[in-house]
Amino acid sequence: DTAVSQTPKYLVTQMGNDKSIKCEQNLGHDTMYWYKQDSKKFLKIMFSYNNKELIINETVPNRFSPKSPDKAHLNLHINSLELGDSAVYFCASSPLEGGYYNEQFFGPGTRLTVL
Amino acid sequence: KNEVEQSPQNLTAQEGEFITINCSYSVGISALHWLQQHPGGGIVSLFMLSSGKKKHGRLIATINIQEKHSSLHITASHPRDSAVYICAAVGGDTDKLIFGTGTRLQVFP
């Protein structure tokens, strides 16, 4: 049973397109996150959702919009894709209490390539 | 300069060696994570600690909040420990998660 799953695993698209990455967790966690790992393998937090409410938006361009239909899902929509959006995007989740003060469970990542 | 620095950036070792990876930070923090990223790209959380020391199998993590330093130790290293190890500090005032640049470890048989 996969705890945190992401689809698709690979996404290749043209500049200017709109795309979505889906994330689902079956751990019963209340907090979910999106991270971006750039070409130099540097990780950065993008968003954090706690019980369907956005609690962190780390200066991410508004072309990126997280959407959480329920607490088990946190999808990432990206509009007007740019070359610099090429990266690996990781979804993660953690138990409600403490947010960052708890162990995080990561999805396998989605490699996005913008041509 | 990154607020969270790791050393060394790259590390090679022979199987069986004792490994130490260091993480130092310039901001006040309240907790710190150690993560392991496998060659295939998957990320696993190893430890979250806010004081003292934690041990899991051959892995030991220590933190000194006052000295703004944490270490990850691997005893009796094995080729399967080869991975990138990343520390991430939880900002004390902001609750922001700040990542280090990672340490690439290769353990040879």
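Lettering of chains follows the sequences in order, A, B, ..., and the numbering in each one begins at 1.
Between A:Gln37 and B:Phe99 the shortest side-chain heavy-atom distance does not fall below 4.5 Å. Looking only at side-chain heavy atoms (C-beta outward), B:Leu97 and A:Tyr35 come within less than 4.5 Å of each other. With contacts defined as side-chain heavy-atom distances shorter than 4.5 Å, the pair B:Val44/A:Phe106 does not qualify. In this structure, A:Leu43 and B:Ile43 have side chains that are in contact, with non-hydrogen atoms separated by less than 4.5 Å. Between A:Glu103 and B:His33 there is no side-chain heavy-atom pair separated by less than 4.5 Å.
Contacts of B:Leu35 with chain A are made by side-chain atoms alone, with heavy-atom separations under 4.5 Å and no backbone atom involved. For a residue to count as touching a neighbouring chain, one of its non-hydrogen atoms must lie under 4.5 Å from one of that chain's; by this rule B:Ile86 touches chain A with the side chain only. Heavy atoms of A:Lys40 lying under 4.5 Å from chain B are absent altogether.
Environment of CG in A:Asn62: sparse, with no more than 12 heavy atoms of neighbouring residues, nucleotides or ligands closer than 6.0 Å.
Clustering ILVMFWY residues whenever any of their side-chain heavy atoms sit less than 4.5 angstrom apart, transitively, puts B:Ile63 in a cluster other than the one holding B:Ile60. If you chain together hydrophobic residues whose side chains sit under 4.5 Å apart, B:Phe108 and B:Tyr85 never meet in one group. Under the 4.5 Å side-chain contact rule for hydrophobic residues, B:Ile21 and B:Phe18 do not share a cluster. Criterion: ILVMFWY side-chain heavy atoms under 4.5 Å apart, direct or through other members. Under it, A:Tyr10 and A:Leu83 are not part of a common hydrophobic cluster. There is a path of hydrophobic side-chain contacts, each under 4.5 Å, that joins A:Trp34 to A:Val60.
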